[in-house]
Amino acid sequence: MLSSWRQWLVALFLGLAACGGEGVEPTTGESSLGERQDSLANVRIRLMAANISSGNGQDYDPGHGIRIFQGTDADIVMIQEFNYLTDSAADIRSFVNTAFGAGFSYYREAGAQIPNGIISRYPIIASGEWDDPQVTNRDFAWARIDIPGPRDLWAVSVHLLTSNASTRNTEAASLVSRIQANIPTGDYLVIGGDFNTSSRSEASFSTFSQVVSTASPYPADRNGNTNTNAGRNSPYDHVLVDSDLRQYQTSVVIGSSSFANGLVVDTRVYSPIGDLSPALAGDSGATGMQHMGIIKDFLVPGDAVASSVTVTSPNGGESWTTSSARTIAWTSSNVTNVRVEYTLNGSTWTTLSSSTPASAGSLSWTLPATASTTARVRVTDTSDASITDTSNATFSITTGGGGGTGTLIINEVLVNEAGSDVNGEFVELVNTGTAALSVAGWTVSDSASVRHTFPSGTSVPAGGVLVVFGGAAGIPSGTPGAVAATTGTLGLSNSGDTVTVKNASGTVVDTATLSSSMAGTDGVSANRSPDVGSSATFVLHTSLSSLSTSPGRRASGASF
């Protein structure tokens, strides 16, 4: 099968070699094709058509469109007028990073005054452009995308002419012939972009209906208006998918609102506008704003997700003190609840929790008063006993000699959360001392107010960690020692902030002042360098490892 794929791809590229183009990682590779799995789980994918440049230069430099992209959180975007600053590879990459994220891939057609392109959360495994026979300053940009599941998605970004309906139908016929000749019928297809159509009765829709569905119902804005041009009186922009994909269309859900047929994004009428943060109410009405963005959601069969659970701590070799406060930690996938047990002799197991949410990723444990050199812990899926994991090796529980002190430091802070979900902000606290430390009544504050107070009974073992998140919804599965801020937010400022930890008496224990350079990169935390250095300065996490953040773990991702 891979051999026939390569032959087909070579033939396709030979046919398109004259078109040119600018592609950015990842590139096509046999390994990415061979790693695909059969479908079991469903995956929500948001598709967007967007000619939302603004200002006088037909580009995204003014920033109104960038905020709309950030607020709508699309997975795959068919973008028009894909210009930014000097249009260098570095500038275009910077735009994609800012508007979508560093993990997104993109394709942008080359040599065009107002180029079309595709931006994708998922790998682009092939891309190119097909000539638009009616226009000289852009073509039809396409990308083959390895979305979850057994089928690829072909996305085609178009910007038809304004001249007249007959010309647009000629463009449509040319594109349909390209699609029929080159796109496998077994894959999904979406055509998206600025069609410049004055009505849905134009002949081009009949032509496009040969390969995609053009029937109602249509996306609408908060007020029910389905038109998309700047004046909101014509249906210029569309997201049209083939029948294979349309069967999986589902409501677009943003905040507490649901749009059954998709959404025309007009920030001037959207309410509450906070659901589209950081987009502002006036962005869709900005000077030179071209059109309204269009989004549709689809719930497609995705890749198989195997159930698993893995003990990460204690995992063998530790030496812990009897009766001390410790944390059992694990990671899991496709598991709802787990049973947590320990053994002191390798044969008799004691249950600590018969059922605890697997997503918690950890369980506080006060060690028994009995010493052991053969202790282990075990975590098991409550619904399937075969999905289980035990410490890789034994650990020791010793009586200890008493003494020692606990020392709590701020080790890592995520001020500027990924995207716009402030629940993801966090403050990581590590006990670098030699004894467990009670933090009952201790507080975590920003420069404005107290954001979290640790409840009675909270302690951090020597070498242990606590991570305070802005909200429970922002806690990644399996994060050791994670808790949600008791006030419901951390309220950290992306322009810089100061985090302070005080003990129950109000004495400052540690403080971290983070400049705008430490807070201005979306999704990248500030971490002490060296890691867990009590007097070390803070640097961007990406300067310490390939990870953007590592809440509850060392900068490398290893356990504390």
Side-chain angles (χ1 to χ4, degrees), residues 1-39 43 45-50 74-80 82 96 100 103-110 115-132 139-158 174-193 208 211-212 239-246 248 296 298 300-303:
M1 180 175 179
L2 289 178
S3 177
S4 64
W5 153 250
R6 287 195 296 269
Q7 292 168 0
W8 177 88
L9 188 60
V10 169
L12 175 60
F13 280 167
L14 289 175
L16 301 175
C19 294
E22 300 174 3
V24 174
E25 82 287 350
T27 57
T28 304
E30 181 175 326
S31 61
S32 64
L33 295 171
E35 290 169 358
R36 294 178 197 155
Q37 299 175 339
D38 292 334
S39 61
V43 177
I45 294 178
R46 176 164 295 171
L47 304 181
M48 182 176 192
D75 298 301
I76 296 169
V77 177
M78 290 135 285
I79 186 173
Q80 290 75 58
F82 194 177
V96 174
F100 302 96
F104 277 69
S105 305
Y106 74 86
Y107 171 76
R108 177 180 183 268
E109 62 168 312
N116 294 313
I118 294 97
I119 301 169
S120 173
R121 184 184 304 276
Y122 303 104
I124 295 175
I125 58 176
S127 56
E129 59 187 272
W130 293 315
D131 289 331
D132 183 333
D139 289 312
F140 306 125
W142 61 268
R144 186 175 190 174
I145 301 170
D146 183 17
I147 63 172
R151 296 185 179 189
D152 291 334
L153 170 67
W154 291 71
V156 184
S157 179
V158 305
S174 175
L175 178 55
V176 166
S177 67
R178 292 283 196 169
I179 289 171
Q180 291 173 330
N182 294 305
I183 296 181
T185 57
D187 285 346
Y188 299 126
L189 168 66
V190 57
I191 304 173
F208 279 127
V211 292
V212 291
V239 174
L240 305 178
V241 302
D242 63 3
S243 57
D244 290 344
L245 184 54
R246 180 149 185 175
Y248 298 121
K296 290 182 179 180
F298 300 84
V300 301
D303 292 323

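Residues V212 and I179 are not in side-chain contact: their nearest non-hydrogen atoms beyond the backbone lie 4.5 Å or more apart.
Distance alone, capped at 3.5 Å, places no donor-acceptor pair between the S157 side chain and the I118 backbone. Counting only distance, with no hydrogens or angles, the side chain of D139 and the backbone of D132 share a donor-acceptor pair below 3.5 Å. Counting only distance, with no hydrogens or angles, the side chain of D242 and the backbone of L189 share a donor-acceptor pair below 3.5 Å.
The distance from atom CG of N116 to atom CZ of F140, rounded to the nearest 0.5 Å, is 8.5 Å. Rounding to the nearest 0.5 Å gives a distance of 9.0 Å between CZ of F104 and CD1 of I76. In this structure, the separation between CE on M78 and CE on M48 is 9.5 Å, given to the nearest 0.5 Å. In this structure, D187 CG and D152 CG are separated by 5.0 Å, a value rounded to the nearest 0.5 Å.
The heavy-atom pair separating I119 from F100 by the smallest distance is CD1-CE1, 3.4 Å. For the residue pair P184 and R144, the shortest heavy atom distance occurs at CG-NH2, 4.3 Å.
The aromatic rings of W130 and W142 sit parallel, their planes meeting at an angle under 30°, below the 60° perpendicular limit.
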* Stepwise side chain to side chain contact (heavy atoms under 4.5 Å, CB included) check, I145 with Y188 -> CA-CA 10 Å; I145 301 170; Y188 299 126; over 6 Å; no

